[in-house]
J.: 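Mind looking over this structure? Questions follow.
In listed order, ligands and their atoms are each counted from 1. Values reported hereafter were calculated over all heavy atoms of this structure, with side chains retained and with hydrogens, waters and symmetry mates removed.
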Amino acid sequence: MDPTVTEILCVVGARPNFMKMAPILRSLRAFPEIRPYLVHTGQHYDEDMSRIFFDELGLPAPNRDLEVGSDSHARQTARIMSAFEPVVEERAPKLVIVVGDVNSTLACSLVAVKLGVPVAHVEAGLRSRDRTMPEEINRLVTDAVSDLLFATSADAVENLASEGVPPAKIHLVGNPMIDTLRLHLPAARERRTAERLGLKERSYALVTLHRPSNVDQLENLRRIMEALRELAGKIPVLFPVHPRTRERMVSGGLEATVGLRLMEPLGYLDFLSLMDRARFLLTDSGGIQEETTALGVPCLTLRPNTERPITVTEGTNRLLGDNPAAIMPAALPLLDGPLPLARCPALWDGQSGGRIARVLAQYLGVR
Ligand code: UD1
């Protein structure tokens with residue numbers, strides 16, 4: 001390998017990783033001495049959960065696809081680790097970058113640190129303090145073994161500091177997912193996805209649900225679908241369905257809920273287009289809490305807690321708890337009237353990828 005080039009491994013695995021990695025790779029182009037080698041673990045593999053995001057976000061094709069697929073947590077994590085270890089040994093990178101809080105994030109950071117390769121974690125320090133969430137375990141472990149911790153907001157920095165992480169390792173860089181949102185918003189708006197679906201702007205609700213705590217128990221999912229059916233009596237409800245949720249709906253016979261517009265998972269641009277023009281979102285996603293805050297669109301989150309409290313204190317997010325009975329009382333006041341005022345958090349300005357790239361370059365000593 002060219003001795004003037006420093007190779008780093010960049011890991012993506014699941015849908016929410018792609019929009020976080022894209023601006024980092026784009027910003028690294030300003031540092032030709034750093035060569036990113038993109039590894040896709042294959043945690044998500046369906047065309048509409050993976051491939052479409054590479055196309056729409058302009059991500060380069062992965063240099064390596066580990067093709068691990070779905071499995072139980074232990075088996076999926078172990079498969080990713082087994083497949084990633086030889087890649088690290090072969091490439092001997094100077095650094096491994098992981099993003100977010102999915103099983104791929106955890107698995108690849110463990111492999112790297114055990115092979116003596118420093119880890120950079122993008123989206124470090126977020127804490128729901130709910131250890132029943134698999135993502136919380138992934139966040140805690142990944143941060144504990146990381147050498148560079150990139151935080152999206154000041155509360156994340158405080159969490160890391162209170163856990164004893166030395167300040168020199170922590171970099172407040174803002175939110176790279178919002179870089180992606182700002183870059184693609186004009187193209188998303190041009191798609192006029194709502195109009196193509198026969199809907200006027202601010203006249204529909206958009207729903208996503210996939211957390212095990214909401215969809216894995218049939219009785220709970222049935223109560224959620226009942227609340228959505230009631231909501232659909234007041235406003236059109238669009239619901240692009242995650243494969244995990246679809247499986248549970250099909251096995252529970254809940255697919256035919258009257259009034260709901262159930263859809264296949266959408267690509268990035270169509271989803272952003274719909275989110276931007278929605279009356280409000282109902283979700284249990286982490287990323288959507290942040291994206292609606294950046295867009296100033298109301299967000300109701302069907303969870304008792306959030307690792308992203310800034311979306312509540314500064315943004316448009318409201319936590320409903322985990323009782324589906326809370327959906328209608330929270331949704332009704334949003335059906336008319338002006339949108340709430342929200343502030344976009346500091347550094348969610350579209351420049352986070354550049355900040356991350358500059359810290360990486362300095363850390364790697366290339367400039
Ligand atoms: C994973 C992440 C979660 C993230 C979510 C975004 C973990 C622990 N969870 O959850 O944090 O919010 O991605 O989507 O890493 N499936 C398909 N096709 C796919 C992918 C999944 O059909 O391309 C189905 C499989 O039946 C699979 C199920 O969805 O068993 C769940 O997939 P998995 O990757 O285990 O977790 P997610 O629920 O997607």
J.: Given that the side chain starts at C-beta and the backbone is N, CA, C, O, which of these parts of P16 lies under 4.0 Å from ligand 1, counting heavy atoms, or is it both or neither?
T.: side chain

J.: Can you name the one residue among V119, T77, L115, V141 that meets side-chain contact (heavy atoms from CB on, under 4.5 Å) with L110?
T.: V141

J.: Using only heavy-atom distances, determine whether the side chains of T301 and N317 contain a donor-acceptor pair under 3.5 Å.
T.: yes

J.: Just to verify, which of F84, F18, Y45 counts as forming a ring pair (Phe, Tyr, Trp, His ring centres under 6.0 Å) with H40?
T.: F18

J.: Going by the atom numbers of ligand 1, which of them fall below 4.0 Å from some non-hydrogen atom of E247?
T.: 25 (C), 26 (O)

J.: So which protein heavy atom does atom 4 (C) of ligand 1 come closest to, and at what separation?
T.: H210 NE2, 3.7 Å

J.: Which residue and atom name correspond to the protein heavy atom nearest atom 39 (O) of ligand 1, and how close is it?
T.: H44 NE2, 2.7 Å

J.: Scan for ring pair (Phe, Tyr, Trp, His ring centres under 6.0 Å) pairs involving residues 303-356, sequence neighbours excluded, and state none if there are none.
T.: none

J.: Regarding Y204 and R279, is there a side-chain donor-to-acceptor distance under 3.5 Å anywhere?
T.: no

J.: Using non-hydrogen atoms of the residue, decide whether R246 is closer than 4.0 angstrom to ligand 1.
T.: no

J.: Show which side-chain atoms of residues 235-244 pair as donor or acceptor with protein atoms under 3.5 Å away, not counting sequence neighbours.
T.:
from	atom 1	to	atom 2	distance (Å)
H242	ND1	R244	N	2.9
R244	NH1	D216	OD1	3.1
R244	NH1	D216	OD2	3.0

J.: Does ligand 1 have a heavy atom under 4.0 Å from the side chain of E135, from its backbone, from both, or from neither?
T.: side chain

J.: Give the residue and atom name of whichever protein heavy atom lies nearest to atom 22 (O) of ligand 1, and the separation in Å to one decimal.
T.: P243 CB, 3.3 Å

J.: Checking contacts here: is it the side chain or the backbone of R244 that comes within 4.0 Å of ligand 1, counting heavy atoms only? Could be both or neither.
T.: both

J.: Considering the heavy atoms of H73, write down every atom of ligand 1 situated less than 4.0 Å from one of them.
T.: 8 (C)

